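As structure tokens, the structure follows; a few thoughts come after it.
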Amino acid sequence: MTGKIQRIHAKAPDNWVNDPNGLIYYKGYYHLFYQYFPYAPRWGTMHWGHAVSRDLVNWEHRGIALFPTKRGDENGCFSGSAVEKDGRLCLIYTGVRYEPADPEDIHVSFNEQFESCQMMISSEDGFHFDNWRDKEMVLPPLTDPQIGDRTHTRDPKVWREGDSWYMILGSTREMKQGRVLIFKSRDLRQWTYVSQTEKGPEYGWMWECPDYVKTPGGSVLLVSAMGLPDVQEKEKNHVLCFPAKFEAGTGRLEIADRCQLMDWGMDLYAPQTTLDREGRRILMAWVRMPKPSGDGWIGMFSSPRVVEIEGNHVYLRMHPAVRAAYSRKINETSQAPDGYRAVFDLKEGQQVDVGGFRIGRRNRRIYTDRSAVYPRFAGAHLISETPELAEEAHLEVLADENLIEVFINDGEHVISNAVYGLGNWLRLDPGMEIELYGLE
Ligand code: FRU
């Protein structure tokens, strides 16, 4: 799998991937690490796979960066983030140790019993990681349940503010409600507890993969909430965006009493943000799949999106580098082996059928219907719908054979859907026009 190149959507090189990890632009490359199980197309002992890109469009897989070597990460290197310090690339992640492993399947824990700690490893070029010598435990398993859960505390996202580093961790209060914990450090090695924030059991029993996202137009806390009680579908874990404000002086993170769903397709999870070369805040997320693709791999990543916040609304816009790469005008989707970009307006009642995937507008909302290109199972999310739109509907679609991203009104809303067996054809309602672009 090392050397494998993928375009627009980075995907599992083989077997299984979940969360994007350690996203960073460092020494001329975008680094995308990811949760990777290298032995089978299912979740198991977590490694960090590694892909790099020069342009956010072409992704090259570079093999395994992190794997279990220490007692702290004996059973897996869970999610985490990257920062640059003194010219080195530092990865801060969660190590897990099962208590014990399931004797019949050592890649999972027995009865969900395990312990979590936070670890760090660094590299001088972003490509070479000495898993035997360069790992250290920077935050041991929590022992005070008032501060955080010993088992379910994970996914450190680290950022710099003033003369300190801050780490936000996902956690739970007694397996009843999600919370985030904030720690502070001068050197990335010694961390002291600062504060915590929670909102109540209606927002899920556990918050994973937190990210405090600051943009010129405002700040939000992203959390991947587990077990949302009001969701009807099988998948009850989804990303919530809370308008938020972090005060470095007091160490307090205040979050609003309402939140926005990140994506209306309900497939995205565990997003992570970083700054691109030009200083834009960009986000990538895991796209969950209910079964392996035709080639046997499972798990993909959204295209990198630009995050902007205006009036407390989070916009996820198509990245200009992606748009620019997909600008070769074509007449049919069959002329685009590396995926395509489609641009069109939708009037009330109109619909496009993209190889079996339908995109339409009714009741001033944009909907997608993937019934013809997605497996059927109890609680499958087949039809997605945005909230009511205030204005006209201008759509920009980024598609390849397993993932369709529908950007509505320049990222005001996005619907991202995994698909299987998409046809290579396009059907438009009368009077509609569409522009199609392939890779340059
Ligand atoms: C989110 C998550 C993280 C964890 C990782 C393990 O999908 O459960 O909380 O670190 O996946 O693979």
Side-chain angles (χ1 to χ4, degrees), residues 12 15-23 32-50 64-68 72-82 91-98 101 105 107-109 112-121 139 141-142 148-158 167-172 175 178-181 203-211 221-228 235-240 262-263 266-273 283-290 298-302 418:
N15 294 302
W16 167 278
V17 305
N18 52 289
D19 317 357
N21 295 153
L23 256 190
L32 163 68
F33 300 88
Y34 49 83
Q35 292 284 282
Y36 178 46
F37 185 58
Y39 307 130
R42 50 153 267 198
W43 190 90
T45 305
M46 279 293 132
H47 298 51
W48 278 33
H50 188 194
I64 291 171
L66 304 188
F67 55 92
D73 66 8
E74 182 174 298
N75 296 103
C77 305
F78 273 23
S79 287
S81 55
L91 304 178
I92 300 108
Y93 66 99
T94 300
V96 297
R97 198 171 64 77
Y98 294 162
D105 177 354
H107 294 292
V108 297
S109 63
E112 282 280 297
Q113 297 300 307
F114 60 96
E115 138 182 303
S116 301
C117 67
Q118 315 312 320
M119 310 207 21
M120 179 165 76
I121 185 169
L139 190 63
L142 299 179
D149 194 84
R150 180 176 158 272
T151 303
H152 295 289
T153 294
R154 54 181 175 264
D155 312 335
K157 177 80 199 298
V158 175
M167 174 198 287
I168 188 164
L169 286 162
S171 194
T172 174
M175 316 272 284
R179 54 176 160 167
V180 290
L181 320 176
Y203 297 100
W205 71 269
M206 164 74 191
W207 283 356
E208 308 184 290
C209 301
D211 196 344
L221 172 70
L222 302 178
V223 293
S224 294
M226 300 181 80
L228 289 170
E235 184 56 75
K236 297 195 184 317
N237 304 348
H238 294 286
V239 182
L240 307 178
M262 189 180 70
D263 190 287
M266 310 312 254
D267 289 349
L268 260 50
Y269 198 65
Q272 193 173 91
T273 71
L283 173 146
M284 291 177 82
W286 170 32
V287 183
R288 294 176 289 200
M289 299 168 71
I298 181 163
M300 310 180 274
F301 301 104
S302 69

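Note that ligands are numbered from 1 as they come in the structure, with each ligand's atoms numbered from 1 the same way. Remember, predicted model here, so these are calculated numbers, not experimental data.
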Using a strict 4.0 Å cut-off to heavy atoms of Tyr269, name the atoms of ligand 1 that fall inside it.
1 (C), 7 (O)
Provide the closest heavy-atom pair for Pro210 versus Asp155 in the form atom of the first, atom of the second, distance.
CD-O, 3.7 Å
List ligand 1 atoms under 4.0 Å from Met46, heavy atoms only on the residue side.
12 (O)
The protein heavy atom nearest to atom 7 (O) of ligand 1 is Asp19 OD1, 2.8 Å
By side chain to side chain contact (heavy atoms under 4.5 Å, CB included), Pro41 pairs with (sequence neighbours left out) Asn15, Pro292, Ile298
Could you tell me whether Trp286 and ligand 1 have an N or O pair separated by under 3.5 Å?
no
Top protein contact for atom 12 (O) of ligand 1, by heavy-atom distance:
Gln35 OE1, 2.7 Å
Minimum-distance protein heavy atom relative to atom 8 (O) of ligand 1:
Glu208 OE2, 2.6 Å
Using only heavy-atom distances, determine whether the side chains of Asn21 and Ser79 contain a donor-acceptor pair under 3.5 Å.
yes
Closest non-hydrogen atom pair between Leu228 and Tyr203, with its separation:
CD2-C, 3.5 Å
The salt bridge (charged side-chain N to carboxylate O under 4.0 Å, His left out) partners of Arg179 (sequence neighbours excluded) come to none
Closest heavy-atom contact between Trp286 and Pro20?
N-CD, 3.6 Å
Do any nitrogen or oxygen atoms of Asn18 lie less than 3.5 angstrom from nitrogen or oxygen atoms of ligand 1?
yes
Please list the nearest protein heavy atom to atom 10 (O) of ligand 1 with its residue and the distance rounded to 0.1 Å.
Asp155 OD1, 2.5 Å
Check each atom of ligand 1 against the heavy atoms of Ser79 and keep those under 4.0 Å away; list them by number with element.
5 (C), 10 (O)
When you check the side-chain N and O atoms of Asp211 and Gln272, is any donor under 3.5 Å from an acceptor?
no
